[in-house]
Structure formats: C-alpha cells, structure tokens
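See structure below.
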Protein chains: 2
Amino acid sequence: MIRLFIVDDHPVVIEGIHGLLQHEPDIEWAGHAMNAASCLGFFVNNTADIVLMDISMPGMDGVELCGLMREKYPGVFILGLSTFNQGLYIKKMMENGASGYILKNSTKEELLKAIYTVNTGNIFFSGEAGEVLKEYQRSSTRIPELSPREKEILGLIAEGYTNPQIAEKIFLSSFTVDSHRKNLLAKLNVKNTAMLIRMAVENKLL
Amino acid sequence: MIRLFIVDDHPVVIEGIHGLLQHEPDIEWAGHAMNAASCLGFFVNNTADIVLMDISMPGMDGVELCGLMREKYPGVFILGLSTFNQGLYIKKMMENGASGYILKNSTKEELLKAIYTVNTGNIFFSGEAGEVLKEYQRSSTRIPELSPREKEILGLIAEGYTNPQIAEKIFLSSFTVDSHRKNLLAKLNVKNTAMLIRMAVENKLL
DNA sequence: CCCTTAATCCCCTGAAAAGGTGATTTTAAG
DNA sequence: CTTAAAATCACCTTTTCAGGGGATTAAGGG
C-alpha cells in the first residue's frame with residue numbers, strides 16, 4: 001500500500017488526481033495541502049510514502065518545499081508536478097532531491113507508473129517533461145557559433161592558463177591568443193573573463 | 001514486442017543479460033555489438049527499439065556513441081549501463097540524450113522496469129545510479145566553506161562586476177573587495193578569475 | 001579570557017586583460 | 001573568381017587583477 005499526499009494550490013488538480021486514483025487498490029490517499037506550510041504541518045504528526053508536489057505555489061514554492069522535505073523526511077519521495085513549459089523549475093526540483101517529474105496532463109497509466117517507480121526508490125521522468133527540459137536547455141543554449149580555435153582557447157582559459165601560457169602551449173603568438181580572446185568576449189557579448197567563463201559553463205561550451 | 005540491442009565490450013555482461021531476458025515474452029533479442037563501430041554498422045541495415053549501452057568501451061566510448069546514435073536514429077532509446085562509481089559518465093550520458101541509466105548489478109525486475117519505462121518514451125534512473133550520481137556530485141562539491149560575504153562577492157564577480165564596481169555596489173572599499181577576492185582564490189585553490197568562476201559554477205556556488 | 005575567524009581597510013609591484021586599430025594569409029562557400 | 005570568415009600577427013593605452021606585505025575591529029566558541 002502506497003500512501004500518497006498531494007500539494008497543489010489548484011483544487012481542480014487535487015480533485016482530478018484524487019478521482020483518477022481513488023479506486024486504485026494499492027494506493028491510499030493520505031491527504032492534501034494547498035500550500036507549503038500546510039504540507040509541513042501535516043508531516044509533523046503524519047507521514048506518507050510519496051508526495052505529489054506542484055512547483056508553482058503562493059508563498060513558499062515547490063522547489064524550496066522540496067528541499068526542506070527531503071532534508072526533514074528523507075524517506076518520503078517527492079514527485080514533481082507541473083504544467084508544460086517550466087523547464088527551469090523541473091531542473092531545480094531535481095537538484096532539490098525530487099525523485100521524478102510528471103506533467104499534469106499525464107494519463108492515469110503514466111501517473112501510476114511514475115508512482116510505482118518512485119516508490120521503489122527509482123527515478124521517473126515523463127517523456128514530455130524530458131522534452132520540456134530539453135527545449136529549455138536548447139533555448140538557453142542559443143548562442144553565437146564559435147570557431148574550433150575559439151573553443152579550444154576558451155577551454156584553456158577556463159583551465160586557468162593566461163594568454164602567454166596558451167600561446168606557448170599551442171604554438172601561437174600571444175597577440176593571436178589575445179585576438180581570439182577578444183573575439184570571444186565580443187561574440188558572447190560579455191565584458192570580462194568572469195562573465196565569459198560563466199557563460200561558457202552555463203551553456204556547456206566546455 | 002520490444003527489440004533490444006546491447007553494446008558492451010564484456011562478453012560476460014552480454015551473456016548475462018541475454019540469459020536474464022531470453023525467456024521474457026515481450027522482449028526480442030535484436031543482437032549485440034562489442035564496440036561502437038560494430039553497433040553503428042548494425043543500425044545501417046537493422047534497427048532496434050532500445051539499446052543497452054556500456055559507457056566505458058575501447059575506441060569510441062559510450063558517451064560519444066550515445067550522442068551519435070541519438071542524432072542518427074532519434075527513435076531508438078538508449079539505456080546507459082554502468083558499474084558503480086562512474087558518476088561523471090552517468091551525467092554525461094544523460095546530457096547526450098540517454099533515456100535512462102541502470103547499474104550492471106541490477107535485478108531482473110529493475111532491468112525490466114527500466115526497459116518498459118524507456119520504451120514508452122519516459123526516463124528511468126535506478127535508485128543506485130541516482131546515489132552514484134549524488135555521491136559524485138557530493139565529492140566534487142567538497143570545497144572549503146565560504147563566508148556569506150565571500151559568496152556575495154563571488155556572485156558579483158560572476159556577474160562581471162570589477163572590484164571598484166562591487167565596492168561601490170555594496171559600500172565597501174575596493175581594497176576590501178580585493179581582499180575577499182584573494183581569499184576566494186586561496187580558499188578554492190585557484191590562480192585566477194577564470195578558474196574561480198569555473199569552480200564556482202561547477203560546484204553550484206552561484 | 002583568549003583565540004580564531006570574518007570582515008574591514010591600506011599600500012606597492014608587476015603581470016595580465018580589456019579596448020582600440022590595424023594588417024596578412026588561408027580556407028571555405030557562393 | 002570573388003567574398004567572407006577564420007586564423008594569424010602587431011602595437012599602444014588604460015584598467016584590472018594577482019601576489020606580496022601589512023593592520024584593526026567585531027563576534028563567537030572553547
């Protein structure tokens with residue numbers, strides 16, 4: 001028997017999921033909360049196996065709540081619940097210890113599969129959520145093309161080499177390295193090394 | 001019927017998984033390869049639904065192969081296969097489009113669950129693989145404690161502000177900012193801004 | 001109370017990066 | 001063949017950073 005708790009500020013969603021699962025033999029409805037505080041209150045005297053958690057809620061959001069819950073009750077698995085196009089939040093939920101992610105328009109089958117997978121300590125990700133995540137990453141990866149040489153030099157900068165060192169390493173004039181470096185700054189529209197490296201790492205150019 | 005193909009340079013693993021699954025009614029053994037080239041060769045004239053792929057192989061490694069396969073055959077789902085303690089590779093596989101990850105010492109049940117989950121376009125992650133990934137992230141997050149002030153300044157550096165700008169922004173002497181900056185370099189054991197920011201981003205200090 | 005740490009401030013030097021303004025050569029694409 | 005982009009090299013100025021040396025104050029733990 002899997003005890004299920006749901007946190008969502010939309011009554012429709014709570015009702016909908018309740019309806020979907022009320023006749024499932026292996027699933028017990030532990031209760032629901034419509035905000036973070038109320039959820040935390042519930043877990044003081046009660047528990048559940050899995051928490052279905054909306055990410056966007058008034059007050060403390062799901063991401064923060066997820067982190068707190070995982071800290072206080074490591075045995076409770078959290079399954080993120082989202083509508084579409086919220087890639088950033090999906091990513092953040094996973095970083096905060098969620099065991100999976102499904103979209104609110106999932107089918108009953110998908111929902112069940114997610115619940116069972118998460119319940120055994122594994123991680124589930126709806127394909128659609130995966131898509132959203134990828135789309136998010138694509139959109140934030142929309143940066144100008146860098147030439148192979150520029151990428152190479154970018155990599156060396158990130159490893160802490162200075163222009164003269166890079167020049168020596170790849171047999172170039174340090175003037176040339178400097179030129180490439182300036183081109184990198186211009187292409188990525190940043191003004192110094194710190195921003196350059198941050199951009200590069202965030203956009204997985206390294 | 002799910003057509004399964006496996007790529008692994010260890011005959012034992014191929015044989016083992018074959019043995020585990022040979023009597024499964026829904027699973028068809030499409031074939032196996034012991035290196036990347038042979039796998040690519042197979043897919044020229046054949047196909048499969050899911051590829052079980054080892055990450056560490058001679059020649060082209062699983063990570064690269066995974067990226068290639070996803071590009072050429074987007075309909076084929078890839079399930080990473082690893083022994084323990086290879087967190088870095090698990091991460092890379094996922095970044096290269098794998099649909100999941102399981103450890104080689106998984107039970108038959110887990111393996112089947114993974115296959116069925118991936119086959120429907122969802123993403124599966126064995127709990128153990130999740131652990132490995134977390135452990136990996138923990139170990140790479142083993143960095144000295146930074147004071148709140150240092151974190152604040154680190155953040156501003158990453159946003160591209162120079163020492164005088166930071167000083168003005170948070171009402172400090174630029175000498176002070178410079179001191180903090182030097183302490184950051186010392187604490188994180190790096191020698192310039194580029195390495196500092198790379199460290200910071202990789203260790204999620206920002 | 002002492003010790004440590006964080007946080008603040010100061011100075012000097014030399015190296016590196018940023019900003020600007022050029023140029024030539026090779027290579028890939030039209 | 002022409003053009004555009006990439007890659008190469010050069011010089012000069014100003015700003016910023018890195019490395020070295022210090023110092024004082026405030027707060028917290030042992």
Side-chain angles (χ1 to χ4, degrees), chain A residues 71 138 141-206, chain B residues 67-68 71-72 138 140-206:
Chain A
E71 209 176 297
R138 252 196 302 280
T141 309
R142 199 151 292 142
I143 43 151
E145 280 302 308
L146 299 185
S147 72
R149 200 53 152 178
E150 285 168 342
K151 282 184 198 164
E152 184 184 9
I153 284 167
L154 177 54
L156 291 168
I157 295 171
E159 282 173 42
Y161 295 103
T162 65
N163 287 350
Q165 286 170 339
I166 295 172
E168 193 188 4
K169 210 174 176 68
I170 57 180
F171 310 108
L172 282 182
S173 155
S174 82
F175 291 117
T176 309
V177 178
D178 192 48
S179 290
H180 286 304
R181 191 172 193 138
K182 284 167 183 166
N183 287 334
L184 282 166
L185 292 179
K187 277 192 179 177
L188 298 183
N189 193 33
V190 292
K191 50 184 283 299
N192 58 30
T193 305
M195 287 177 84
L196 174 68
I197 298 301
R198 181 162 152 246
M199 258 251 156
V201 178
E202 285 177 351
N203 294 89
K204 304 195 193 303
L205 295 176
L206 295 178
Chain B
L68 262 175
E71 208 175 298
K72 288 194 171 189
R138 251 197 303 281
S140 61
T141 310
R142 199 155 293 139
I143 44 153
E145 279 304 309
L146 299 185
S147 72
R149 200 52 153 176
E150 285 168 341
K151 282 185 199 164
E152 183 184 11
I153 284 168
L154 176 55
L156 292 168
I157 294 172
E159 283 174 41
Y161 296 103
T162 66
N163 287 350
Q165 288 170 337
I166 294 172
E168 191 189 6
K169 209 173 176 70
I170 58 180
F171 310 109
L172 282 183
S173 155
S174 80
F175 292 116
T176 309
V177 178
D178 193 46
S179 290
H180 286 305
R181 191 172 193 139
K182 285 168 185 168
N183 285 333
L184 283 166
L185 292 180
K187 278 191 180 178
L188 299 184
N189 193 34
V190 292
K191 50 184 283 298
N192 58 30
T193 305
M195 288 178 82
L196 174 69
I197 298 301
R198 180 163 152 245
M199 258 251 155
V201 178
E202 285 177 352
N203 294 91
K204 303 195 194 303
L205 294 175
L206 295 178

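- Rounded to whole Å, the distance from NZ on Lys151(B) to P on dA6(C) is 12 Å.
- How far CD1 of Ile157(B) is from OG1 of Thr193(A): 12.0 Å, rounded to the nearest 0.5 Å.
- Rounded to whole Å, atom P of dA18(D) lies 14 Å from atom CG of Asn189(B).
- For Leu146(A) and dA7(D), the CG to P distance is 10 Å, given to the nearest whole Å.
- At most 12 non-hydrogen atoms from other residues, nucleotides or ligands lie less than 6.0 angstrom from CD of Glu168(A).
- For Lys191(B), no side-chain nitrogen or oxygen approaches OP1 or OP2 of dA16(C) to under 4.0 Å.
- Atom CG of Leu172(A) and atom C1' of dA10(D) are 14 Å apart (whole Å).
- Within residues 152-167 of chain A, no residue has any heavy atom under 4.0 Å from DNA chain D.
- The line from OG1 of Thr162(B) to NZ of Lys191(A) is 6.0 Å long, rounded to the nearest 0.5 Å.
- From Leu188(B), atom CG reaches atom CE of Met195(B) across 10.0 Å, with rounding to the nearest 0.5 Å.
- For Ser173(A), a side-chain nitrogen or oxygen approaches OP1 or OP2 of dA10(D) to under 4.0 Å.
- Rounded to whole Å, the distance from CG on Leu196(B) to P on dG19(D) is 12 Å.
- One can place CD1 of Ile170(A) at 11 Å from C1' of dA7(D), the figure rounded to the nearest angstrom.
- Note on Thr193(B): a side-chain N or O is less than 4.0 Å away from OP1 or OP2 of dA18(D).
- For the pair Glu168(B) CD and dC9(C) C1', the interatomic distance rounds to 18 Å; values are reported in whole Å.
- Other residues, nucleotides and ligands contribute at most 12 non-hydrogen atoms within 6.0 Å of the NZ atom of Lys169(A).
- Residues Thr176(A) and Arg149(A) have side chains not in contact (no heavy-atom distance under 4.5 Å, counting atoms from C-beta outward).
- To the nearest 0.5 angstrom, Ile197(B) atom CD1 is 11.5 Å from Glu202(B) atom CD.
- In this structure, CG in Asn183(B) is found 9.5 Å from CD1 in Ile153(B), a value given to the nearest 0.5 Å.
- If you take CG of Leu185(A) and P of dA17(C), they are 11 Å apart, rounded to a whole angstrom.
- To the nearest 0.5 angstrom, Asn192(A) atom CG is 11.5 Å from Tyr161(B) atom OH.
- For DNA chain D, the residues of residues 174-184 of chain B within the heavy-atom distance limit of 4.0 Å (strictly under) are Arg181(B), Lys182(B), sorted by number.
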